[in-house]
Amino acid sequence: MTGAQIIFIVVALYTLGSALMVVTTRNLIHAALWLVSTLFGVAVTYALMNANFIAVVQVVVYIGAIAILFIFAVMLTRKDMRDSGPQMNKNWWLGALVAVLVFAGLAFMLSGWSGFSKVAADLPSGFDSVSLLGEALVSPQAYVLPFEVASVLLLAALVGAVYVAFNRK
Amino acid sequence: MDWTMWVEWIVKGFVLCLILLTGFAYLTWYERRALARIQVRVGPNRAGYQGLLQPIADAVKLIFKEELTPGHVYKVVFILAPVLTVVPSLVLAAVVPLGTSFNLFGREITLYVADVNVGILYLTSIASIAVYGIVLAGWSSNNKYAMLGGIRSSAQMISYELTLGLSFVTAIILGNSMNMIDIVNEQRGLWFVVIQPVGALIFWIATLAEVNRAPFDMPEAEQELTAGYHAEYSGMKFALFFMAEYQKMIVISMILATLFFGGYLGPFVDQVPLLGPVYLFAKVIILLFGMIWVRATWPRIRYDRLMSFGWKILLPLSLAIAFITATGILLADVLNNQLFFWSIPVVSIIALLVAVAFIYRDLRRKSHGRI
């Protein structure tokens with residue numbers, strides 16, 4: 001086992017452990033904090049795969065924006081901070097079954113892929129993944145259409161939010 | 001990857017933390033003395049020569065103070081919050097280049113801790129983590145003033161983060177890279193503040209809001225919120241919040257100096273690399289004086305005006321600045337005419353004047369009776 005594999009296993013266990021804590025802890029704010037820790041583990045996994053840009057974006061978007069909104073929502077809607085409720089409803093076995101099936105399906109499909117058991121190779125020096133990604137996002141041969149569609153969708157959501165919150169006198 | 005490299009990294013990280021901690025202590029002294037001069041007082045001048053030992057006396061006092069943990073707080077989060085505030089303020093400095101490199105016993109030592117190719121995104125991500133400390137401090141104190149302070153401050157930080165990000169974009173476009181070292185090297189000919197003065201100004205205003213400094217220190221508005229999010233903290237835990245604020249001031253001045261004021265560049269820096277940190281230090285001192293000056297002269301602005309200023313004036317202005325910069329560079333490049341490049345500062349200043357005219361009109365209308 002190489003050093004990279006050991007690090008990966010430690011990070012993966014940490015991520016999965018935090019994810020388990022998210023669904024099992026009885027306190028909502030604790031669950032939100034464990035979620036932050038899970039997302040951080042995912043960012044570290046990206047960094048291990050030499051995807052610096054995606055790792056940092058993961059931190060900015062998920063930890064810096066989305067999780068903080070969760071915490072806001074919990075803070076503003078719950079009166080008692082030691083609030084707790086039942087962890088499961090009666091459909092828990094269905095959710096568990098779907099999760100196991102999805103994992104098994106993904107593992108089965110990916111095991112046929114040639115890169116399944118490879119370690120990420122070091123990038124050649126001078127390889128600028130950020131500018132390549134930027135060019136791919138605006139080049140007509142690559143992803144310009146999905147990129148623009150996503151932007152228009154976000155803009156529509158923004159305008160909708162302003163419309164809903166707008167206070168007509 | 002040999003062990004000497006690890007030793008070098010650890011030593012550099014350690015030295016950087018020590019610089020920031022000492023900087024924090026002496027920044028409090030600097031601020032108190034400068035504020036006193038502006039307000040025609042003397043300021044602390046008793047401990048040591050000109051009061052230079054005052055920070056040490058303060059530190060000893062804070063360490064030996066009794067630490068109270070009120071009974072109704074939520075313990076785990078209450079202890080976690082100050083830590084979550086201090087750590088980002090230290091980690092931020094890792095990507096700021098202090099200089100080029102020098103030779104020590106035949107080994108080339110670079111004067112930065114990390115050379116990250118997405119350095120600027122790293123800064124925004126760490127800055128967004130800093131919000132957690134304040135939110136959680138306010139919430140876990142289980143006190144309505146602390147909670148209001150926490151919510152105010154996080155709303156403010158999230159709002160001004162957008163403007164901050166767009167000013168980063170301006171610097172990225174001018175420097176043609178996200179790496180802070182490349183951005184500094186790109187400024188060898190001309191500091192970016194000359195090309196984009198308005199961008200530097202917006203960046204500076206947004207950082208004032210981001211570190212909760214006056215006139216944007218709403219979270220700590222004493223007359224409304226007692227002490228805001230750290231009302232329930234005492235002793236060293238309170239000192240950690242204090243420390244985080246001053247360290248962020250230092251780091252953010254370092255970043256502003258790096259992005260717009262040429263970083264470690266200065267005369268003879270290529271021949272004598274050790275001059276780099278000295279130049280950066282001088283620039284940081286001057287920028288910090290600006291922050292202290294603003295605190296001494298400007299009253300705190302009202303919370304709703306703070307939010308409308310952030311969303312309705314600064315955000316559109318920073319969008320316009322990013323757009324003007326990008327268009328100017330593109331036109332100069334395509335048409336091969338330097339005139340378009342020099343239109344960037346001119347058009348930006350016109351945009352700034354339009355924004356100022358909007359604020360002026362708004363304030364006039366408000367002073368005539370309507371809210």
Side-chain angles (χ1 to χ4, degrees), chain A residues 3-4 25 27-37 39-40 43 46-47 50-83 122-123 125-134 138 158 162 165 169, chain B residues 1 72-78 80-81 84 88 91 95 114-144 146-148 150-151 153-155 157-158 161-162 164-165 168 172-173 176-179 182 311 370-371:
Chain A
T25 184
N27 185 301
L28 261 179
I29 206 96
H30 275 186
L33 290 179
W34 279 113
L35 181 67
V36 171
S37 141
L39 293 170
F40 189 74
Y46 283 137
N50 286 329
N52 287 352
F53 180 76
I54 305 211
V56 176
V57 167
Q58 166 86 7
V59 176
V60 177
V61 174
Y62 283 93
I63 299 182
I66 293 181
I68 203 106
L69 278 183
F70 282 6
I71 288 185
F72 256 129
V74 175
M75 273 168 47
L76 293 175
T77 54
R78 300 285 153 152
K79 218 166 89 193
D80 182 15
M81 59 181 182
R82 275 172 282 270
D83 146 275
D122 275 336
L123 295 177
S125 68
F127 180 83
D128 192 357
S129 54
V130 181
S131 59
L132 282 181
L133 180 72
V138 290
L158 202 71
V162 171
K169 290 266 164 61
Chain B
M1 194 76 81
H72 57 265
V73 301
Y74 202 22
K75 270 237 175 82
V76 182
V77 183
F78 189 75
L80 189 69
L84 268 181
V91 181
V95 292
D115 179 9
V116 190
N117 68 339
V118 286
I120 289 192
L121 264 181
Y122 169 88
L123 291 179
T124 50
S125 71
I126 300 294
S128 63
I129 291 178
V131 183
Y132 278 97
I134 289 173
V135 178
L136 293 178
W139 178 80
S140 67
S141 298
N142 202 5
N143 165 333
K144 55 184 121 171
M147 172 89 175
L148 275 176
I151 288 185
S153 127
S154 44
M157 282 164 95
I158 290 171
E161 229 163 60
L162 295 171
L164 194 64
F168 275 138
I172 293 172
I173 295 173
N176 203 10
S177 169
M178 275 205 205
N179 188 327
D182 293 349
W311 284 102
R370 288 184 54 205
I371 307 167

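Sequence lines set the chain letters: A, B, ... in the order given, protein chains first and strands last, and positions in each chain run from 1. We use all heavy atoms of the structure for the numbers below, so side chains are in, but hydrogens, waters and symmetry mates are not.
- When each of V56(A), L33(A), V61(A) is scored by its heavy-atom pairs under 4.5 Å with chain B, the top score falls to V56(A).
- Counting heavy atoms from C-beta outward, W311(B) and L162(B) have side chains that approach closer than 4.5 Å.
- Heavy atoms closer than 4.5 Å to chain A are found in the side chain of I129(B), but not in its backbone.
- Annotation for A43(A) and A55(A): closest pair O-CB, 3.4 Å, computed over non-hydrogen atoms.
- Heavy-atom distances place no part of I126(B) under 4.5 Å from chain A, backbone and side chain included.
- Of the two parts of A67(A), the backbone and the side chain both hold a non-hydrogen atom closer than 4.5 Å to a non-hydrogen atom of chain B.
- The contact between V57(A) and chain B is made entirely by side chain atoms (from C-beta outward), counting heavy-atom distances below 4.5 Å.
- For chain B, the nearby parts of I68(A) are the backbone and the side chain; heavy atoms of each come within less than 4.5 Å.
- Between chain A and the options T124(B), I151(B), I158(B), the largest number of non-hydrogen pairs under 4.5 Å is found for I151(B).
- Within a 6.0 Å sphere centred on OH of Y46(A), other residues, nucleotides and ligands contribute 12 heavy atoms or fewer.
- Annotation: side chain of V91(B) is in contact with side chain of Y122(B) (closest heavy-atom distance under 4.5 Å).
- Put simply, CG on L123(B) and OG on S128(B) are 11.0 Å apart, with the number rounded to the nearest 0.5 Å.
- Note that CG of L84(B) and OH of Y132(B) are 9.5 Å apart. Values are rounded to the nearest 0.5 Å.
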